Amino acid sequence: MKLKNDLILKAAKGQNVERTPVWLMRQAGRILPEYRKIRNSLSGFKELVETPQLAAEVTIQPVDILKVDAAIIFSDILVIPESMGLKYEMIEKKGPFFSKTISNRNDINALNVSNVEDHLSYVFEAIKITKHELSGRVPLIGFAGAPWTILAYMVEGQGSKTFSKAKSFLYREPELAHLLLNKITEITIKYLKLQIKAGADLVQVFDSWAGILSPEYYEEFGLKYLEIICNSINEVPKTIFSKGAFFALEKMNGLNCETIGLDWTMSIKNATQTFNNKTLQGNLDPCVLYGDYNTIEKKTKEMLHKFENYRHIANLGHGVYPDTDPEKVKCFIESVKSYK
Ligand code: 1CP
């Protein structure tokens, strides 16, 4: 089906656009009362993720309500460890929890990288339904976690401020870490290709914990695998978002991807001088949306001004915080759309 609004695809490919496209990381979720209504009628987050018709419905909500220029499929990066054999629970107000974690070679050998088509069939089904129901209004973004970020959860077993268990695994067992990263990379490539086959128009890889590694370690345990993923996927434009990895931007210029996500700590001036032949995505501080309407409009326009004449997809520098007022989110989106 032909897309009626393909701004984000054009911007990703560096083609001329009549205005900057805009969407928000974590736009499908708790900021919307319409989402909470569906979510509260279910046993939990996982039931929503695993019920394709409902996952499609909450994926489309931000397109209808917020008028963003792209939808992102409602799922989580943690479906990949689960497909490999580590089941996760999503604990209310706390986050993900894995009762089984990875600590030795036997644990890694026991992981399964096949049958992702069956294990995650609910994701592909949700993508097909979403594409059908969007009927070309906006493109659909598929996604996965980056191998390092997925390893971090598989070793740590839950969210953490420092991920010191996961980081210490890299220092204590570098060979096993590479073995695990190779397995995650292999299944992630299959997973992204299946999302594209099901209808994803563009894919984003989230390396949420990139910024806790040293530059040397991020190159060895992070970028190396992002490079393999980028080189293996050529069907649609790819975005790499390495949160906190300001130290790696120069190296990331060499990745075979169209778009690089920037968080709000990264200097736009620095980034526009570092990259060539890439689109940049981001990077308003999510906390700007706690400001009043004038501040949101002013800060958004200042950001757009700094990206002027550069290939750009407007977004926040990380996911929108759950207690953000949807009216403030609309103000951000309107400010991008009305920018001249
Ligand atoms: O109660 C709820 O409804 C659960 C909250 C929630 C939601 C809405 C979680 C738990 N995941 C999601 C959906 C989700 N996760 C999306 C949906 C699409 C969208 O963006 O609108 C996406 C892209 C993700 C990706 C994700 N999950 C990342 C990478 C992006 C990022 O924010 O850095 C990470 C790190 C996760 C793990 C995760 N899932 C949920 C939580 C609370 C966490 C973080 C836990 C931690 O602190 O480590």
Side-chain angles (χ1 to χ4, degrees), residues 23-51 54-63 65-66 68 70-82 86 88-98 123 126-127 130 138 140-166 188 191-192 195 200 202-212 239-245 261 263-264 281-282 286 315-324 326 329:
W23 69 284
L24 288 87
M25 290 184 274
R26 297 294 189 104
Q27 65 190 14
R30 290 170 294 180
I31 56 163
L32 295 176
E34 293 83 353
Y35 166 86
R36 288 198 297 269
K37 191 166 165 232
I38 294 179
R39 172 77 169 69
N40 291 339
S41 71
L42 303 171
S43 63
F45 172 75
K46 285 186 86 172
E47 188 182 350
L48 182 48
V49 166
E50 291 164 14
T51 310
L54 295 176
E57 189 173 338
V58 299
T59 297
I60 297 173
Q61 282 176 346
V63 178
I65 300 163
L66 304 172
V68 281
I72 178 162
I73 192 66
F74 188 82
S75 185
D76 201 88
I77 62 169
L78 302 175
V79 300
I80 279 294
E82 183 156 284
L86 301 189
Y88 73 96
E89 288 171 70
M90 198 58 84
I91 300 171
E92 210 64 41
K93 295 197 167 68
K94 277 196 74 184
F97 180 77
F98 291 88
V123 178
I127 290 177
T130 304
V138 292
L140 177 62
I141 302 170
F143 72 91
W148 153 243
T149 288
I150 296 298
L151 175 148
Y153 285 102
M154 292 175 83
V155 172
E156 194 82 28
Q158 59 194 343
S160 159
K161 277 212 174 79
T162 56
F163 277 90
S164 35
K165 201 173 157 200
T188 300
Y191 179 49
L192 288 171
Q195 291 187 52
L202 169 135
V203 292
Q204 174 157 329
V205 178
F206 289 88
D207 212 351
S208 305
W209 301 109
I212 64 174
T239 301
I240 302 295
F241 175 53
S242 296
K243 173 138 197 308
D263 70 47
W264 68 91
Q281 175 173 275
N315 204 312
L316 303 179
H318 198 194
V320 59
Y321 296 137
D323 61 346
T324 307
V329 176

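Model, not experiment: these values are computed from the prediction. Order of appearance sets the numbers: ligands from 1, and atoms from 1 within every ligand. Positions are given from 1, in the same order as the sequence printed here.
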I'd like the name of whichever of [options] reaches closest to [atom] through any heavy atom.
atom	options	value
atom 17 (C) of ligand 1	G29, P62, S75	S75
atom 46 (C) of ligand 1	Y153, W209, F241, F97	Y153
atom 43 (C) of ligand 1	P96, G95, A55	P96

In terms of atom number and element, which parts of ligand 1 are under 4.0 angstrom from non-hydrogen atoms of [X]?
X	answer
I73	18 (C)
G159	46 (C), 48 (O)
F74	8 (C)
M90	10 (C), 39 (N), 40 (C)
R30	1 (O), 2 (C), 3 (O), 5 (C)
F206	23 (C), 29 (C), 30 (C)

Salt bridge (Lys or Arg N to Asp or Glu O under 4.0 Å) pairs, two or more places apart, involving residues 31-46: R39-E92, K46-E82

Passing option when I72 is tested against R26, Q27, Q204 for side chain to side chain contact (heavy atoms under 4.5 Å, CB included): Q27

Heavy-atom side-chain contact between P286 and V320 under 4.5 Å: no

contact_flag H318 ligand 1 heavy-atom lt 4.0 Å: yes

Any pair counted as side-chain hydrogen bond (donor to acceptor under 3.5 Å, both in side chains), so long as it reaches residues 153-164, sequence neighbours left out: Y153-W209, T162-S164

Aromatic ring pairing H318/F241, orientation class (parallel under 30°, perpendicular over 60°, tilted between): tilted

